[in-house]
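Take a look at the structure below.
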Number of protein chains: 4
Amino acid sequence: MPTPSRRPRADAGRNRARVLEVAAHLFTERGGEVQMADVARTAGVGIGTVYRHFPTRQALVEAIAEQRFLEILGFARTMCEKAASGREAVRTLLEHIGQVHEDGRALSRVIESTLGNTAPRGPVQAELRELGDTLIARGTADGTLRQDATFDDLYMLVGALATVARANIGDWHRFIDITLAGLEPRTDPASP
Amino acid sequence: MPTPSRRPRADAGRNRARVLEVAAHLFTERGGEVQMADVARTAGVGIGTVYRHFPTRQALVEAIAEQRFLEILGFARTMCEKAASGREAVRTLLEHIGQVHEDGRALSRVIESTLGNTAPRGPVQAELRELGDTLIARGTADGTLRQDATFDDLYMLVGALATVARANIGDWHRFIDITLAGLEPRTDPASP
Amino acid sequence: MPTPSRRPRADAGRNRARVLEVAAHLFTERGGEVQMADVARTAGVGIGTVYRHFPTRQALVEAIAEQRFLEILGFARTMCEKAASGREAVRTLLEHIGQVHEDGRALSRVIESTLGNTAPRGPVQAELRELGDTLIARGTADGTLRQDATFDDLYMLVGALATVARANIGDWHRFIDITLAGLEPRTDPASP
Amino acid sequence: MPTPSRRPRADAGRNRARVLEVAAHLFTERGGEVQMADVARTAGVGIGTVYRHFPTRQALVEAIAEQRFLEILGFARTMCEKAASGREAVRTLLEHIGQVHEDGRALSRVIESTLGNTAPRGPVQAELRELGDTLIARGTADGTLRQDATFDDLYMLVGALATVARANIGDWHRFIDITLAGLEPRTDPASP
DNA sequence: GATGAATGAGCATTCATTCAT
DNA sequence: CATGAATGAATGCTCATTCAT
């Protein structure tokens, strides 16, 4: 790894990145029982350094969560154009999110218990919103999603999916199937 | 109140019931910050007594959760027969569950963070399973649910619904709508 | 000491007294660098026990300070009647207080830096006030103190004396001399 | 302000003065909770620079205290000659000192808790001593102070006055009154 | 059975000081 | 000379659980 000498020069927040990476790793493997001191030790820095960059345990978790959002956002942008339809675009996104939560169950639980279900702050939030709106619009336009589908529906389903995937409540692929079926245009507007 | 003298009569597990009731109350109002000592004090017993009946905090939470399951089970039995169709029976059940979690958000969070998503143990589990199977069977029989709908689907959706309702992720009534739409018989076999 | 077995029965706050005694000792010898854990260890109890009786470091210091006040109060009552005059009664009191602060310099500093100059709360305060008033009244009545001497003067001088004695600013006996001379009846009302 | 470019000219100890000034300000306003980093930030320098000039927090406080002594010394020199008598000269000095401590209570406490009651080192000490001796000598010579009054008395009373003024123990003007009365020539040799 | 005092490992956070650049 | 990122020992406090009475 990029750690030539013990105390490089700390070019800007090189350490910050390292701490973040290490923390994500530890949370993923050991969950909430990870202590700030563990993070520091594993990252090879003093605990003070961890606190310089993340003044609170919660701040650290927030940073990790934001990083995750960014990864998902990146993936979503790439995939968005390749999908055959609006619904398939949503499906791909959901599958990715489900996988992220399955792969990082412990981390997911830490984020959930620390931040509740707070949406990301600032620019990320705006980008997320924009992306979601785009997907929904595409689906309603090409007729692969119900006309009344909204961003809020998507947001809600993502939250639910995260729970299903991280808590191992059932087969989250199946959850996506059912859910997307529920978002299809209603053939029979008056359900029997 | 029923505490005339210092030691009323120590009737069997009168205390157990009292502790359980008080604990549910406190968790509902103050969430996870409730301490075992609070429970004891509020119940008017020593903390040792609490531990006699519930050897662990987790055990106490489990007992509360089971009680909840029982209430839901009771409601479900009553409602089951009145519903117009299998799907409507499921809807009624889900609506009830959503309401329970909305009304007891803090308690819901405590249960979630303490027990993860562990299903109830013992007899309750069996009864729950039986009830669920019955509902699903009725729906597939009367054609108001997809033929491939299973108990596991229901279990998963209940878990997801609980999250949506307790974390306030969105409108859980809407969640039920989408979800039940997804469980309808497939008019268009084209979707995977 | 009255510690037959390791965990006697903790008759009421036997432990409380022990912790208080030990804490006073340690503060007297090592001053502010004493940690709560030290107190617990030295007292032979768990740190939780210390916190049970004194929920805060400040609370512990307050208790020690109050104890000191009580000792002084006790001494003052005894001495009050034996003194030849009001002024001599005040002198005896001041000498005692000076001695207490000289003997417990480090403890005095801890009390000062923790509580500032807060007067004792509750009943002790009232008793102190009463005693002081009595002394002043006697002195003004028998003509050994200035007619305009007040309790507030005494309170202020005690505070100043405490500083002189604990900080070793000078000879506190001399401070008392000067101070009492200043409280004598004014022979010459218009000072030259 | 004198910070045109990033590094003005680095004139000798221009920084030292700035840090000193800023630190005194901060201590006066926020007391002991001021951190070294606050001082650096407010002074617009790096924390390393603060430590270059004052190798220790205590050193910084000492420098501030010395500065104060110098101000008082300056005032004393001016006033000394104008006073009507030795006693009045002492009174004027004490009034000034009381005012300084009242105006800078928080700073006073910081100095006290950091330095205890250490007298200033080096030349300032000598000047202070000389001034005090002069005042006392004048008072004993013109008969407005007791013949046995000494510099140590004055030093002690100043220390006590500082406590009264900074801790708000009582009316420090009254303290000066009583104290000076105690330093008057003894009309009645009866008292010890 | 009941009681509640005692336990003590565990934890997040602070801040004066150092030193590589 | 200046900078400020890094350091890490120190600290007060919590709370589930135990056990002597």
Side-chain angles (χ1 to χ4, degrees), chain A residues 5-16 19 33-41 44-60, chain B residues 6-7 10-13 15 33-41 45-60, chain C residues 5-16 19 33-41 44-58 60, chain D residues 6-7 10 12-13 15 33-41 44-58 60:
Chain A
S5 78
R6 202 62 114 74
R7 287 176 201 162
R9 153 65 180 78
D11 266 320
R14 181 73 45 120
N15 272 344
R16 196 194 126 102
V19 167
E33 69 189 19
V34 175
Q35 297 166 222
M36 296 302 270
D38 294 334
V39 175
R41 200 176 315 116
V45 302
I47 194 175
T49 302
V50 174
Y51 274 93
R52 160 170 284 268
H53 294 296
F54 308 99
T56 281
R57 185 181 221 267
Q58 171 167 326
L60 176 57
Chain B
R6 201 64 114 74
R7 289 180 195 167
D11 260 10
N15 274 343
E33 67 188 22
V34 175
Q35 300 163 219
M36 295 301 270
D38 292 333
V39 175
R41 197 176 320 118
V45 302
I47 196 175
T49 303
V50 173
Y51 272 91
R52 165 166 301 276
H53 295 296
F54 309 97
T56 281
R57 183 180 221 264
Q58 170 165 329
L60 175 58
Chain C
S5 78
R6 200 63 111 76
R7 287 175 202 164
R9 155 60 180 83
D11 265 319
R14 180 72 47 119
N15 271 344
R16 196 194 124 101
V19 166
E33 68 189 20
V34 175
Q35 297 166 224
M36 295 302 268
D38 293 334
V39 175
R41 199 176 317 116
V45 302
I47 194 175
T49 303
V50 174
Y51 275 94
R52 159 170 285 268
H53 294 297
F54 308 98
T56 282
R57 185 179 221 266
Q58 172 167 326
L60 176 57
Chain D
R6 202 63 114 71
R7 288 180 195 166
N15 274 343
E33 69 188 19
V34 174
Q35 298 164 219
M36 294 301 271
D38 292 333
V39 175
R41 197 177 318 117
V45 302
I47 195 175
T49 302
V50 173
Y51 273 91
R52 165 167 300 277
H53 294 297
F54 308 97
T56 282
R57 183 181 221 266
Q58 171 167 328
L60 176 58

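Letters A, B, ... are given to chains in the order of the sequence lines, protein chains preceding strands, and every chain is numbered from 1. As the structure is a prediction and not an experimental result, all values here were calculated from the model.
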Q) If you check the B:Ile47 side chain, which of F:dA16, E:dA5, E:dT7 turns out closest? A) E:dA5
Q) For E:dT21, what is the paired nucleotide under Watson-Crick or G-U wobble rules, both distances under 3.5 Å? A) F:dA2
**Q.** Distance in angstrom units between A:Arg14 CZ and F:dG4 C1', rounded
**A.** 18 Å
Q: Ignoring the backbone of B:Val45, work out which of E:dC11, F:dT18, E:dT3 is nearest its side chain.
A: E:dT3
Q. Rounded to whole angstrom units, what separation is found between the CD atom of C:Glu33 and the P atom of F:dG12?
A. 12 Å
Q) Side-chain contact, heavy-atom cut-off 4.5 Å: A:Arg41 with A:Asp38? A) yes
Q) Less than 4.5 Å apart, any side-chain heavy atom of D:Met36 and any of D:Phe54? A) no
Q: Report the nucleotide, chosen from E:dC15, F:dA16, E:dT17, that has the shortest atom-to-atom distance to any side-chain atom of B:Met36.
A: F:dA16
Q.
Judged by each residue's nearest nucleotide on DNA chain F, which is more toward the 5′ side, B:Gln35 or A:Val50?
A. A:Val50
Q | Value in whole Å for how far the C1' atom of E:dT3 lies from CZ of B:Arg41 | A | 14 Å
Q) Where do C:Ile47 and C:Ala40 come nearest, in terms of heavy atoms and distance? A) CA-CB, 3.6 Å
Q: To the nearest Å, give me how far apart OH (A:Tyr51) and P (E:dT14) are.
A: 8 Å
Q. F:dT14 C1' sits how many Å from C:Phe54 CZ, rounded?
A. 18 Å
Q) Taking only side-chain nitrogens and oxygens of D:His53, does any of them come within less than 4.0 Å of OP1 or OP2 of F:dC1? A) no
Q) When you check the phosphate oxygens OP1 and OP2 of E:dA2, does a side-chain N or O of B:Asn15 lie under 4.0 Å from one of them? A) yes
Q | Rounded distance (Å) that lies between atom P of F:dT17 and atom CG of B:Leu60 | A | 10 Å
Q: By nearest nucleotide on DNA chain E, pick out whichever of A:Gly48 and B:Gly48 is the more 5' one.
A: B:Gly48
Q | C:Thr49 vs E:dA5: side-chain N/O to OP1/OP2 distance below 4.0 Å | A | no
Q. D:Arg57 CZ to E:dT14 P: how many Å, rounded?
A. 16 Å
Q) Below 4.5 Å, heavy atoms only, C-beta onward: do C:Arg52 and C:Asn15 meet side chain to side chain? A) no
Q) Is the distance from OP1 or OP2 of E:dA5 to the nearest side-chain N or O of C:Arg52 less than 4.0 Å? A) yes
Q.
Between P on E:dC11 and CD on A:Gln58, what's the gap in Å once rounded to a whole number?
A. 18 Å
